[in-house]
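A, B, ... follow the sequence lines: proteins, then strands. Residue 1 opens every chain.
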Number of protein chains: 2
Amino acid sequence: MDFYKGEPSILLAVDCIIFGFNGESLEILLIKRDLEPERNKWSLMGGFVKPEESPEGAATRVLKKLTGLENVYMDNCGIFGDPKRESHRRVVSITYFALIDTQQYQHIISDQYEAKWFPLDQHPDLIFDHKDMIAAAKRELRTKAALYPILFELLPDKFTIPQIASLYECVYNIQLDKRNFSRKLLASDLIIKLKEKDKENSKKGAFYYRLNTDIYKEKIMSFLRYLPSWSVENE
Amino acid sequence: MDFYKGEPSILLAVDCIIFGFNGESLEILLIKRDLEPERNKWSLMGGFVKPEESPEGAATRVLKKLTGLENVYMDNCGIFGDPKRESHRRVVSITYFALIDTQQYQHIISDQYEAKWFPLDQHPDLIFDHKDMIAAAKRELRTKAALYPILFELLPDKFTIPQIASLYECVYNIQLDKRNFSRKLLASDLIIKLKEKDKENSKKGAFYYRLNTDIYKEKIMSFLRYLPSWSVENE
DNA sequence: ATTATTAGTGTCAAATAAACATTTATATTT
DNA sequence: AAATATAAATGTTTATTTGACACTAATAAT
């Protein structure tokens, strides 16, 4: 039986907003587009959804193709479906943001792409509505990170409290009182102290911690409290 | 020029999870499906995205077709794209939840549909993955309503504090201390007291309020505080 | 006039958050 | 080897917010 006959079919794509944290600032991974139209212009990594995969599956595939990474935290952050968003053909794109630990991202597996990290707020001109996609992803990241401790996904398995604090400062563009932040974070039992210290970034050295994955899953939504409430209110 | 030649195109649909509040409980509006396959089974209202409209536009159109309502609050709440979600053909569906004031929804404009309100937790068996869609919409509604005062969209322009309190109780399945809730709500300046009282629901009568739309837009994210923080933590 | 019912205001103790101070560990310098 | 500089970590205090609970107010029904 041939249902839905005559219904219009559409090209469905995914685009990935790949966030990374270099210890100083947030960055996104962009590529030089490898197909027409707009070949060789800077763009988000993307691809079409194939018949045998879900949109999320497509995003996962596309991310792996570029970075070689699997099991990466990803989250839907928008649907871009204006009929005129690509002038040549009608394409609806579903966007996903990915949080990756840049230390795991050693080298691009695929030489097929010319890829480069850019500071989040200083990326080059991008094709189509990719700039809007990034803006939406940033907004979604902020909202989500206010409710869930997802920012840990941007750090290595072992991290220090100063590291996670400066990450929060980047994402929300605020100055945190490290003393209060650290106290609240520790009170949550979300992180477990290790014996080892990071001696790279200070004389005294800061203890490494790792996530308490049980608490991470349980208390996930109470994380809002690790931010001063006003920071959630602002744009 | 014919770009993207050979790329697989897909049927893209939208489905609407239409929430209403009857003063007692949350309800959703379902229809008896009017096309094959699965004709005459209970289903969410949906439709295919047409070439000249965005997915959001399609959801708006579909909602208007069923209810006659325009300018309804809608929000994306999921993407259902498992290749096997419909056994006959590959369809990706984008879901939107809509919040409507049931008092405006007097009669179904279109007699084309057999539509019925169901209590949110006692809906009939539904086609495909529509049950999952409702569950996702409910989750999304809770999260969003913890950050934004969107629940006012479910009430008439004039509402009472007891009404909005019982709405919150429904959505989060909690018991609120009405005294504390009312105090916090009033402190926000989000609502403006009217002269008139609602005498329907109590002997004393409760004053009507209306939204302060300026504050609604400004302080929108601080609304989290009108809920006890623990209620946000629970699933 | 009395009663029952729900609206709305008031009070207070406990918990939390924010501002600020001090101590600690260690590499570097003298 | 002692002094110094630097950032980490812990401590203290005050202000604010929350949550629990008591009370008063308005009015329809008895």
Engineer: To the nearest Å, give me how far apart CD (B:E169) and P (C:dT6) are.
Structural biologist: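 The distance from CD of B:E169 to P of C:dT6 comes to 14 Å, rounded to the nearest Å.
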
Engineer: For B:K197 and C:dT6, give me the distance from atom NZ to atom C1', rounded to whole Å.
Structural biologist: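 My rounded result for the distance is 10 Å.
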
Engineer: Mind checking whether B:Y172 and B:Y168 have parallel, tilted or perpendicular rings, split at 30° and 60°?
Structural biologist: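 Correct class here is parallel.
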
Engineer: Starting at the 5' end of DNA chain D and moving along, which residue's nearest nucleotide shows up first, A:N180 or A:S202?
Structural biologist: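 Result of the comparison: A:S202.
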
Engineer: B:K178 near the nucleic acid: base, sugar-phosphate alone, or nothing, with a heavy-atom cut-off under 4.0 Å?
Structural biologist: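 Counting heavy atoms under 4.0 Å across all strands, no contact is made by B:K178.
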
Engineer: May I ask you to verify if any side-chain N or O of A:K199 is less than 4.0 angstrom from the OP1 or OP2 atom of C:dA27?
Structural biologist: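 Indeed, a polar side-chain atom of A:K199 lies that close.
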
Engineer: A:H123 side chain to A:F118 main-chain N or O, any donor-acceptor pair under 3.5 Å?
Structural biologist: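 Not at all, since once roles are kept as given, no pair shorter than 3.5 Å links the two residues.
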
Engineer: More 5' along DNA chain C: A:D177 or A:G205, using each one's nearest nucleotide?
Structural biologist: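 Whichever sits nearer the 5' end wins; that is A:D177.
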
Engineer: From CG of A:N201 over to P of C:dT28, roughly how many Å is that when rounded to an integer?
Structural biologist: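 Nearest whole value for this atom pair: 13 Å.
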
Engineer: Specify the separation, in whole Å, of atom CD of B:Q175 and atom P of D:dG19.
Structural biologist: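 So the CD-P distance, B:Q175 to D:dG19, works out to 15 Å.
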
Engineer: Without decimals, in angstroms, what is the distance between B:L185 CG and C:dG8 P?
Structural biologist: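 Distance check: B:L185 CG to C:dG8 P gives 11 Å.
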
Engineer: Can you find a donor-acceptor pair, distance only, under 3.5 Å between A:R179 side chain and C:dA18 base?
Structural biologist: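 Result: no qualifying N/O pair found.
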
Engineer: Starting from P on C:dT26, measure out to NZ on A:K204 and report it in whole angstrom.
Structural biologist: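 So the NZ-P distance, A:K204 to C:dT26, works out to 8 Å.
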
Engineer: Nearest 0.5 Å please: distance from the CD1 atom of B:I100 over to the CG atom of B:L154.
Structural biologist: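 Here the interatomic distance stands at 8.5 Å.
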
Engineer: Between atom CZ in B:F181 and atom C1' in C:dT6, what is the gap in whole Å?
Structural biologist: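 So the two atoms are 17 Å apart, to the nearest Å.
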
Engineer: Looking only at side-chain N and O atoms, does B:T102 offer a donor or acceptor that is under 3.5 Å from a partner on B:N22?
Structural biologist: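 There is no such pair between these side chains.
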
Engineer: Just how far, in rounded Å, is C1' of C:dA18 from CG of A:L176?
Structural biologist: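 It works out to 12 Å between those atoms.
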
Engineer: What's the closest nucleotide to the A:P162 side chain, out of D:dG19, D:dA8, C:dA18?
Structural biologist: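 Between D:dG19, D:dA8, C:dA18, the one nearest the side chain of A:P162 would be D:dA8.
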
Engineer: Taking only N and O in the side chain of A:K184, is any of them less than 4.0 Å away from OP1 or OP2 of C:dA18?
Structural biologist: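 Yes, A:K184 has a side-chain N/O under 4.0 Å of OP1/OP2 on C:dA18.
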
Engineer: Between D:dA20, D:dT12, C:dA27, which one does the side chain of A:R183 approach most closely?
Structural biologist: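 Out of D:dA20, D:dT12, C:dA27, the nucleotide with an atom closest to A:R183's side chain is D:dT12.
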
Engineer: Just compare C:dT28, D:dC21, C:dG8 and give me whichever is closest to any side-chain atom of A:K203.
Structural biologist: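 Nearest nucleotide to the side chain: C:dT28.
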
Engineer: With a 3.5 Å distance limit and no angle check, can you tell me whether A:R142 reaches the backbone of A:V171 through a side-chain donor-acceptor pair?
Structural biologist: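 Checked: pair present.
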
